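Worth saying up front: this structure is predicted, and the values here are computed from it rather than measured. Residues take their numbers from the sequence shown, with the count starting at 1.
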Amino acid sequence: MRPRITHLDGMRGLAILMVIAYHAYARWPELLPYVATTQQIPLLAFGWVGVQLFFMISGFVIFMTLDKSRGYIHFLKKRWLRLFPAMLIASLLLYISGGFFPESTVITGESKNLIPGLIFVNPETLSQLTGIEFSSMAGSFWSLYVEALFYLIIGAVYFTAGRKYCLPALLVPMLLLSASSVLKSLGHPLLIDVISKFGFIHYAWFMVGCLVYERLHGRDQGYHYVLVLLALLINFSYYVKHDGVITVVPLVVVMLFFIASFYSKQMERWLSVRFFTAIGFVSYALYLIHENLMIAMMIKLNAWIKSEAVMIALPVVVVAVLYYIAWLISKYAEPALRNALNLVVDGRVRAKES
């Protein structure tokens with residue numbers, strides 16, 4: 001199993017590089033003038049599919065985690081300890097750094113906006129529930145809200161109904177979304193409004209990862225393929241409706257790349273090279289901090305540097321700096337905080353048992 005783990009670490013590295021390229025060269029033309037030149041390059045413009053690659057990786061490894069968990073609470077504890085420490089560190093870093101980049105509109109300085117990330121609930125839902133207007137500390141946090149709810153759902157199904165019901169359960173909210181117009185006509189607009197904010201439309205990618213894992217372990221069934229195909233059709237229809245049919249192309253390409261990587265020794269070796277695995281090691285922390293800090297730094301530099309060619313090259317330097325910050329978080333700060341939190345959680349459990 002060791003080669004597979006290395007292979008996935010490298011794939012995480014590739015995924016975060018794709019997302020960074022999209023944010024640096026395509027996402028913010030209104031903030032960075034040079035983006036008007038680079039955003040037309042397909043490899044950069046469609047870098048956002050790196051998030052779908054992350055989702056497929058999460059779907060692949062989730063059964064591995066579930067199989068090693070003693071129960072639902074134990075599973076949630078492991079997932080929380082995996083996600084929360086880096087999120088806390090990154091959120092505080094972004095909050096503190098806001099004062100150094102007053103010219104940037106991508107960094108929020110309001111302490112209340114720490115809450116969505118720290119509890120992994122999208123700010124729109126929090127605003128609906130509380131009447132208080134929330135925003136995320138970083139736009140990229142949206143995928144963590146989707147992933148956290150995915151863990152809650154698949155864990156609950158796995159430990160109550162069983163493994164075979166996991167994929168069908170993930171499809172249910174997607175079917176509700178696809179029937180939104182019918183449900184609205186029946187007088188349930190609020191239900192659809194709430195469901196649409198949970199990111200269920202992206203569950204197709206978790207399902208692809210789950211199915212690949214089950215196939216490699218000889219547990220795939222014919223109906224699994226039907227469920228995943230239906231989920232993909234729902235997902236593709238969403239992208240076609242909002243962004244045009246061309247967006248289906250990079251989605252299909254990244255899915256085929258993900259699947260092929262498990263059957264090609266050459267691809268596995270390529271993804272296992274040190275360059276990709278080193279970036280994969282810091283990918284979570286880097287994902288959390290890169291967009292806000294990178295764009296804020298680039299806006300500040302753009303005020304001083306008038307050469308478009310230099311500005312186009314600068315994200316590489318900025319990302320190199322952010323890589324080492326993410327490495328310090330991943331290597332030292334995150335494990336230290338995780339161990340401390342683990343001791344606290346275990347201590348409370350033992351206290352209750354006694």
Task: Closest non-hydrogen atom pair, Gly50 against Ala15 - done: O-CB, 3.6 Å
Open item on the list: Are Tyr34 and Met298 packed together at the side-chain level, in the sense that at least one heavy-atom pair is separated by less than 4.5 angstrom?
Closed with: yes
- [ ] Please step through side-chain hydrogen bond (donor to acceptor under 3.5 Å, both in side chains) for the pair Tyr287 and Ser143, ending with a clear verdict.
- [x] CA-CA 10 Å; Tyr287 179 81; Ser143 65; 2.7 Å; yes
TODO: Tell me, please, which residues at least two apart from Asn302 pass side-chain hydrogen bond (donor to acceptor under 3.5 Å, both in side chains).
DONE: none
Open item on the list: Assess the residue pair Arg163 and Glu214 against the criterion (salt bridge (Lys or Arg N to Asp or Glu O under 4.0 Å)); give the C-alpha distance rounded to whole Å, side-chain angles, the decisive distance to 0.1 Å, and a yes or no.
Closed with: CA-CA 10 Å; Arg163 183 191 212 98; Glu214 293 295 78; 2.8 Å; yes
- [ ] Determine which pairs satisfy ring-ring contact (aromatic ring centres under 6.0 Å, His included) with at least one residue from residues 304-324, sequence neighbours left out, and list them in order.
- [x] none
- [ ] Find out whether Tyr203 and Ile153 are in side-chain contact, i.e. whether some heavy atom of one side chain is under 4.5 Å from a heavy atom of the other.
- [x] yes
Task: SB check Asp9 Arg274 (cutoff 4.0 Å) - done: no
Open item on the list: If you define the side chain from C-beta out and look only at heavy atoms, does anything of Ile20 sit under 4.5 Å from Leu286?
Closed with: yes
Task: Validation row, ring centre His202 to ring centre Phe206 under 6.0 Å - done: no
Open item on the list: Which heavy atom of Val282 sits nearest to which heavy atom of Trp327, and what is that distance?
Closed with: CG1-CA, 3.5 Å
Open item on the list: So Ser272 and Glu268, do their side chains get closer than 4.5 Å, heavy atoms only?
Closed with: yes
Open item on the list: Less than 6.0 angstrom separating the ring centers of Tyr239 and Phe236, yes or no?
Closed with: no
Task: Single-linkage hydrophobic cluster Leu144~Leu92, side-chain heavy atoms < 4.5 angstrom - done: yes
Open item on the list: With heavy-atom distances below 4.5 Å as the criterion, would you say the side chains of Trp142 and Ser136 are in contact?
Closed with: no
Task: Shared-cluster residues of Ile73, by chain and number - hydrophobic side chains joined below 4.5 Å - done: none
Open item on the list: Tell me if the centroids of the rings in Tyr145 and Phe120 come within less than 6.0 Å of each other.
Closed with: no
- [ ] Report whether Leu129 and Ile115 are members of the same hydrophobic cluster (ILVMFWY, side-chain heavy atoms less than 4.5 Å apart, transitive linking).
- [x] no
Open item on the list: Less than 6.0 angstrom separating the ring centers of Trp80 and Tyr151, yes or no?
Closed with: no
- [ ] Run the ring-centre check on Phe262 versus His7 and record whether the distance is less than 6.0 Å.
- [x] yes
TODO: May I ask you to test the Tyr284-Arg82 pair for a side-chain heavy-atom distance under 4.5 Å?
DONE: yes
TODO: Could you tell me which non-hydrogen atom of Val35 sits nearest to which non-hydrogen atom of Tyr25, and how far apart they are?
DONE: CG1-O, 3.4 Å
TODO: Check the pair Phe258 / Trp205 against ring-ring contact (aromatic ring centres under 6.0 Å, His included), numbers first and verdict last.
DONE: CA-CA 11 Å; Phe258 174 80; Trp205 305 107; 9.6 Å; no
Task: Atom pair CD1/OH of Ile62 and Tyr158 - distance to nearest 0.5 Å - done: 10.5 Å
Open item on the list: Classify the ring geometry of Trp48 against Phe46: parallel below 30°, tilted from 30° to 60°, perpendicular beyond 60°.
Closed with: perpendicular
- [ ] Verify the cluster assignment for Met137 and Phe134: are they in a single hydrophobic cluster under the rule of side-chain heavy atoms below 4.5 Å apart?
- [x] no
